[in-house]
Structures are given as structure tokens and as C-alpha cells.
Amino acid sequence: MKRVFIALCLCMMWLADIMAQEIVSGTVVDSKNNPLPGVRVEIVGRTEVAYTDIDGIFRFDLPAKAEKIRVSYVGYKPFERKIKPDMVVKMGNGWAGKPSGFRSLLDMYGGIGIGGKVNVEAGSLSINNIHPGINFGMTYSFGWQINRNLYVGVGYGLIMNMMYSEVNENYSDNHYHYADHSFYSGCVPIFADVRWDFGLGESEAPYVGIKLGYQLNPLVDDSDYYFKAAYGNERLSLFGERVDGLFFMPSVGMRKALGSKIGINLGLSYNVVLPKKLRAEYSYDGGTDYMDLGKSNSGVMMLNIGFDF
């Protein structure tokens with residue numbers, strides 16, 4: 001009888017221990033509901049740890065009730081979830097699993113000027129088709145990734161502009177025609193940067209963006225001359241004057257993820273307004289004439305490659 005009593009007590013203790021245990025299980029998936037293997041899952045405030053299998057499934061047999069799990073995976077910010085029966089944990093929402101955070105954009109540009117041509121003629125000399133040629137530079141912005149799509153920041157940059165022209169020198173029976181170029185300015189844009197990524201958590205995704213602000217031209221001096229034409233006692237010189245103005249540059253392209261928070265971007269950008277202000281001096285035997293050619297704007301189509309981090 002004594003042995004039976006002891007056996008019953010042990011059995012009751014074993015059943016009580018089983019009843020006190022809690023089974024916690026679930027599945028971890030990405031943003032497209034594909035299972036993620038190798039995800040670390042731990043019980044918050046405890047030492048139990050498990051990893052998901054090839055089907056994204058994890059399971060705990062706990063000695064006592066638990067409230068939350070903590071999930072971490074390469075390329076994602078760890079987060080916590082309240083325990084539910086057969087729970088499904090979705091990752092991949094937002095920027096590498098993180099819906100918001102600090103972000104920087106670094107872009108390098110190269111392109112060709114479009115439109116805004118200026119011509120000047122005096123005596124037997126002329127300088128025609130004056131317009132921006134090759135442009136190159138870079139911009140940097142920093143700000144906040146508000147969600148998986150929208151980024152808002154501020155930035156600055158430096159874009160160098162090369163001016164192109166066609167010089168004509170006509171005198172008696174002689175005619176000279178040649179192309180010439182000169183660095184026009186170093187534009188320093190200061191801007192607000194807004195960008196929309198169509199799925200920042202994906203390995204590849206398109207984006208559109210707008211940079212809007214003000215551009216300074218501190219490298220332009222009123223005494224700088226860009227082109228000249230001369231023949232005999234005639235001389236036609238072209239000068240630039242500093243002019244600042246609106247900076248407006250929309251862009252479109254593709255982003256490829258290189259890691260959890262790093263991506264490479266390839267796209268097209270268009271600097272809508274590149275201002276210039278020119279004047280000319282025509283010298284001859286009788287003296288010097290001064291001509292104000294006024295202000296004009298050109299656009300610049302540019303290929304850009306950059307990184308975000």
C-alpha cells in the first residue's frame with residue numbers, strides 16, 4: 001500500500017509538471033510571406049533560445065508561462081512580439097526590416113547642358129551657341145526614413161559647369177571658325193531632399209526623388225572671361241557675372257541593396273534651372289563697346305550613381 005501511495009504521488013507530480021509547461025510555437029516569414037530559416041528567437045527576460053528551421057518554424061517547451069519573444073535576423077532590426085498561439089511573425093517591413101531611421105544619400109553626377117544658347121556679334125567677330133557643355137559633381141543629403149517608402153532630408157553639393165561656344169573670326173577673305181570651352185562656374189546647391197522608394201526592403205526597387213532649394217555660384221567673378229575672338233585690331237571678349245538662383249532637380253532610377261542598410265543607386269537626374277549671366281566687350285581702333293547679354297537659363301541632363309546608408 002505504501003508503494004502504491006508513493007507511485008501515485010510521483011505520477012501526480014509528473015502530471016503537474018507537464019501541465020505547468022507551456023508550448024510556444026510559430027513561423028517567421030519575410031515581407032512576401034516566404035519562410036525565413038535561421039532566425040534567432042528568444043524568450044524575453046529568460047535564457048531560452050531557438051532558431052527557425054527550413055520552413056521558418058520555431059518551438060519552445062517552457063517550464064513556465066512567458067509573455068514575449070524577441071526576434072533577430074541578419075539585416076533586420078531586432079524587435080519583440082507578444083506571444084500568441086501558432087503566431088506568424090512577419091519581417092521585411094520597411095527599410096531592411098526597420099520602418100524608420102536616419103539615412104544618408106551620396107550621389108555623383110555627369111551630364112550635358114541643354115538649351116539656353118546665347119549669341120553675340122560685333123564687327124567681324126562673333127561668339128555663337130554659348131551654352132553649358134559638360135557638367136559633373138556630387139551631392140550629399142542626410143535625413144529621416146519616415147517609413148519603408150518616404151525619405152525626407154536636407155543636403156548640399158558642388159556641381160562644376162563647363163561652357164561651350166563656337167568662335168567665328170571674319171576678316172577680308174579669311175574666315176576662322178572653331179569650338180572653344182571654358183569652366184563657367186562651381187554651383188553650390190543647398191536643398192531639401194524628398195525621395196520615394198517603391199519597396200525599400202526589397203533587393204531591387206525603383207525610386208523617384210526631388211531636390212529643391214537654392215544654388216550659389218561663389219566661384220564666378222565679374223572679371224572672369226570665358227571666351228575671346230580676335231583678329232587684327234578687333235577683340236571680342238565674353239565675361240560672366242555671378243548669378244544665384246533656384247535649384248530644382250527631379251530624378252528617377254533603381255536601387256539595389258548591398259546589405260541591411262546600404263544600397264547602390266543608378267538613375268537619371270535633370271537640373272531644371274542652371275542660370276548664367278553674361279556680358280561682352282568689343283574693342284577696336286575707335287574705342288570699346290560694352291554689351292549686357294542678360295540672364296539666361298539652361299537645363300542639364302545627368303546620369304547619377306550613388307549610395308545610401
Side-chain angles (χ1 to χ4, degrees), residues 29-34 36 71-81 89-111 135-160 186-216 244-274 299-309:
V29 299
D30 62 15
S31 60
K32 295 182 178 180
N33 294 319
N34 298 313
L36 287 175
V71 181
S72 57
Y73 190 56
V74 176
Y76 294 82
K77 181 182 179 181
F79 60 89
E80 297 180 0
R81 289 288 184 271
V89 181
K90 178 174 287 191
M91 304 185 74
N93 295 319
W95 179 30
K98 183 179 180 182
S100 63
F102 181 82
R103 188 183 184 195
S104 298
L105 304 176
L106 176 65
D107 289 296
M108 293 163 282
Y109 302 89
N135 290 253
F136 59 91
M138 64 185 299
T139 61
Y140 171 74
S141 74
F142 55 92
W144 197 257
Q145 189 69 37
I146 296 175
N147 54 41
R148 69 177 303 177
N149 302 113
L150 181 61
Y151 162 82
V152 178
V154 294
Y156 58 92
L158 175 63
I159 300 177
M160 302 300 294
C187 166
V188 179
I190 302 171
F191 55 86
D193 196 3
V194 178
R195 172 165 153 162
W196 184 273
D197 289 88
F198 294 89
L200 192 53
E202 308 298 334
S203 60
E204 295 182 2
Y207 70 85
V208 294
I210 292 178
K211 292 177 172 60
L212 178 62
Y214 199 74
Q215 54 186 333
L216 308 173
D244 305 327
L246 175 72
F247 180 71
F248 178 54
M249 188 164 68
S251 61
V252 60
M254 288 290 296
R255 176 187 187 270
K256 181 176 179 58
L258 299 180
S260 61
K261 290 184 61 177
I262 302 176
I264 184 170
N265 305 277
L266 181 64
L268 288 174
S269 299
Y270 185 66
N271 187 356
V272 177
V273 180
L274 178 62
V300 182
M301 180 65 73
M302 294 184 288
L303 176 69
N304 63 277
I305 182 171
F307 300 91
D308 62 88
F309 46 91

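The nearest pair of heavy atoms linking N304 to S269 is OD1-OG, 2.9 Å. Across I210 and F248, no two heavy atoms sit closer than the pair CG2-CE1, 3.5 Å. Summarising the geometry of K211 relative to T139, their closest heavy-atom pair is CE-OG1, 3.6 Å, with the distance given to 0.1 Å. Of all heavy-atom pairs spanning M108 and F307, the tightest one is CE-CE1, 4.4 Å. What you find for L106 and M138 is that their closest heavy atoms are CD1-CE, 3.3 Å. The shortest heavy-atom contact between Y156 and F191 is N-CE2, 3.5 Å.
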Quiz item: Yes or no on side-chain contact (heavy atoms from CB on, under 4.5 Å) for F79 and V71, after CA distance, side-chain angles and deciding distance?
Solution: CA-CA 6 Å; F79 60 89; V71 181; 4.2 Å; yes

Practice problem: Begin with the C-alpha distance, continue with both residues' side-chain angles, and end with the deciding distance and a verdict on side-chain contact (heavy atoms from CB on, under 4.5 Å) for Y207 and W196. | Solution: CA-CA 6 Å; Y207 70 85; W196 184 273; over 6 Å; no

Quiz item: side-chain contact (heavy atoms from CB on, under 4.5 Å) between L266 and L303: does it pass, once the steps are laid out?
Solution: CA-CA 8 Å; L266 181 64; L303 176 69; 4.1 Å; yes

Quiz item: For D244 and Y214, what are the C-alpha separation, side-chain angles and deciding distance, and is it a side-chain contact (heavy atoms from CB on, under 4.5 Å)?
Solution: CA-CA 8 Å; D244 305 327; Y214 199 74; 3.3 Å; yes

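In terms of modelled atom types and a separation under 3.5 Å, the side chain of Q145 and the main chain of L150 share a donor-acceptor contact. Within the 3.5 Å criterion, the main-chain N or O of V188 finds no donor-acceptor partner in the side chain of Q215. The closest donor-acceptor contact from the side chain of Y151 to the backbone of G143 lies under 3.5 Å.
If you take CZ on R255 and CD1 on I262, they are separated by 9.5 Å, rounding to the nearest 0.5 Å. Interatomic distance, CG of D107 versus OG of S251, reported as 7.5 Å (0.5 Å rounding). Here the OH-CG distance, from Y73 to D30, works out to 9.0 Å after rounding to the nearest 0.5 Å. Atom OH of Y270 sits about 12.5 Å away from atom CE of M249, to the nearest 0.5 Å. Note: F142 CZ to S104 OG = 8.0 Å, rounded to the nearest 0.5 Å. Residue I159 holds its CD1 atom at 8.5 Å from CG of L274, rounded to the nearest 0.5 Å.
The closest side-chain heavy-atom distance from F247 to I190 is not below 4.5 Å.
Under a 4.0 Å N-O distance rule, the pair D193/R195 does not qualify as a salt bridge.
A donor and an acceptor atom, one from each side chain of D308 and N265, are located under 3.5 Å apart.
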